[in-house]
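The figures that follow rest on heavy atoms only: side chains count, while hydrogens, waters and symmetry mates do not.
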There are 2 protein chains.
Amino acid sequence: MTKKPTKTALPSATRAGAKDPIPARSEEAPASNRATRAAERRAAIVEAAMDEFIARGFAATRLDDIAKRAGVAKGTIYLHFKDKESMFEELVRIVIVPVVARLTTLPPPTGTVRELIETFASNFLKEVIGTRRGDLVRLIVAEGPRFPSVADFYYREVVSRGIAAMRALIELGIARGEIREKDLARYPQILVAPAMIAVIWQSLFARHAPLDAQDMLRVHLDLIFGERRTT
Amino acid sequence: MTKKPTKTALPSATRAGAKDPIPARSEEAPASNRATRAAERRAAIVEAAMDEFIARGFAATRLDDIAKRAGVAKGTIYLHFKDKESMFEELVRIVIVPVVARLTTLPPPTGTVRELIETFASNFLKEVIGTRRGDLVRLIVAEGPRFPSVADFYYREVVSRGIAAMRALIELGIARGEIREKDLARYPQILVAPAMIAVIWQSLFARHAPLDAQDMLRVHLDLIFGERRTT
DNA sequence: GGAATATGACTGACTGGTCAGTCATGGTCA
DNA sequence: TGACCATGACTGACCAGTCAGTCATATTCC
């Protein structure tokens, strides 16, 4: 349909993450190339839409607000997205894919399993907890039931892969004797549960009772791996 | 609507002749008393509103739909609630308070700490996971940021109490030597995290990959208490 | 008891405002 | 110049909240 961006084949790698916070407002960099400008606008729209959807949820978000924040006219949004709904769905994909790409590019498996998981947890802390990506997770939990395609996508691309990766690590840990609880491999959810709780906690309750997510995850790993290592 | 021939003034003699309850509404009980009827309607509105809010979220829920589902006119809702927003806030209170009341009525502290926690987990499984109350938790996660008063209430009434109760149990477990990881008392969140994940999982992913919450919680307790007990 | 009257719960058509999506017009780049 | 973009005023659907009117029930009075 109005799906056009793919054909112009511009490296969407340009953005999707959280690069320039500057809206295309002041055209300091005219970006003479037309396709480039279009890409910038698209990126600005994605950026603005993320913020608005996270702040208000799908239904309460106004396209006028997204347009204003992105520094474009409302009609421009419809040059890039079919409608509000497909915009939301596409948005989730655009933002999540690079994150998955980065997180699944695991570091070379050196050291103990605990070290591997600690590295992973550390990345997760930096990249997700307390960031806008964490809010995105909350948004998916919130809107998932009304957007089955989003929930499906999220399950397929993030959850199932994450679970599989964690299971592999757990099994390695069991094989190496680092982890005693063999049944843990059946429920990798247990391994990631505190991290997810931390994400949600930061969104909802940080104001009431700040949570030291890093310390909590350390304690959780102590629980799984047994005796504390001196950090 | 069940209501139809208002205009054609059917003779009230019909009514006078028979004392029988007017079957105007569906299979409703007569509810002779006025105050009782009002209470019933209020309850019906709360019930309907819960379903609608859970299914659609706050912003996307139409009061017309709530009214239709509750079998009342829209105006009636405004006899019981100030507006949509305060209705939502009150709703959360109405539904949560009795749950908290029940769950905090702890059973007599007999047996091991593990048994206490297992009882608690078992109740939680029955009463929350996979039920509408579980969906309510998801709803609060979803709408919390936009309803600080709801998030505050939920933190005060549910989260802080729950955390405190869990901490007490953990400390008891440590004192009795059932729990080795002493730092766990600093993060009772770790104890409840898998239960919360189970709630969310059932809402979002049960379709893709059903989760045996009970078994998962058992494994988690094995992790915390050490060796398996024969169940 | 029961007729007459008062009450207020309930109704639903209506209003005013909001917002997704459109499109005629005007600007820009190749 | 002409193809392509971008714009933002506009439209129509939709919906929260209102209120004048209805009528079942309660109260009063004989």
(request) Check the side chains of A:Asp83 and A:Ser86 for a donor-acceptor pair under 3.5 angstrom, ignoring hydrogens and angles. (result) yes

(request) Ignoring the backbone of A:Tyr78, work out which of C:dA20, D:dA16, D:dT7 is nearest its side chain. (result) C:dA20

(message) Regarding B:Leu79, tell me which of base, sugar-phosphate or nothing describes its non-hydrogen contacts under 4.0 Å with the strands shown.
(response) base

(message) Using only atom types and a distance under 3.5 Å, with no angle test, would you say the side chain of A:Gln189 pairs donor to acceptor with the backbone of B:Met216?
(response) no

(request) Assess whether side-chain contact (heavy atoms from CB on, under 4.5 Å) is satisfied between B:Phe88 and B:Thr61, documenting all intermediate values. (result) CA-CA 11 Å; B:Phe88 179 72; B:Thr61 290; over 6 Å; no

Whole-Å gap separating [atom2] ([N]) and [atom1] ([X]):
{"X": "A:Arg62", "N": "D:dA13", "atom1": "CZ", "atom2": "P", "answer": "22 Å"}
{"X": "A:Asp65", "N": "C:dT18", "atom1": "CG", "atom2": "C1'", "answer": "12 Å"}
{"X": "A:Phe81", "N": "C:dG21", "atom1": "CZ", "atom2": "P", "answer": "13 Å"}
{"X": "B:His80", "N": "C:dA9", "atom1": "NE2", "atom2": "C1'", "answer": "8 Å"}
{"X": "A:Lys74", "N": "C:dC23", "atom1": "NZ", "atom2": "P", "answer": "14 Å"}
{"X": "A:Lys82", "N": "C:dA20", "atom1": "NZ", "atom2": "C1'", "answer": "12 Å"}
{"X": "A:Asp64", "N": "D:dA9", "atom1": "CG", "atom2": "P", "answer": "11 Å"}
{"X": "B:Arg37", "N": "D:dA26", "atom1": "CZ", "atom2": "C1'", "answer": "14 Å"}

(message) Under 6.0 Å from the ring centre and within 45 degrees of the ring axis: does the NZ or CZ of A:Arg146 meet both conditions for the six-membered ring of A:Phe58?
(response) no

(request) Count the heavy atoms of every other residue, nucleotide or ligand shown that sit under 6.0 Å from CD of B:Gln214, and state whether that count exceeds 12. (result) no

(request) Indicate, yes or no, whether a donor-acceptor pair under 3.5 Å links the base of D:dG17 to the side chain of B:Lys84. (result) no

(message) For B:Asp135, give me all partners under side chain to side chain donor-acceptor pair (under 3.5 Å), at least two apart in sequence or on another chain.
(response) B:Ser203

(request) Can you measure from NE2 (A:His80) to CD (A:Glu90) and round to the nearest 0.5 angstrom? (result) 11.0 Å

(message) Short of 4.0 Å, heavy atom to strand atom, which residues of residues 45-61 of chain B count as contacting DNA chain D?
(response) B:Thr61

(message) B:Met87 vs B:Ile45, test: side-chain contact (heavy atoms from CB on, under 4.5 Å). Steps then yes/no.
(response) CA-CA 10 Å; B:Met87 179 186 186; B:Ile45 292 169; 3.6 Å; yes

(message) Quick check on the helix from C:dG1-D:dC30 to C:dA30-D:dT1: what's the angle between its two end axes, five base pairs per end, to the nearest 10°?
(response) 10°

(request) Among B:Glu52, B:Glu127, B:Glu47, find the one that has a salt bridge (charged side-chain N to carboxylate O under 4.0 Å, His left out) with B:Arg132. (result) B:Glu47

(message) Is B:Arg41 close enough to C:dT11 that one of its side-chain N or O atoms is under 4.0 Å from OP1 or OP2 there?
(response) yes

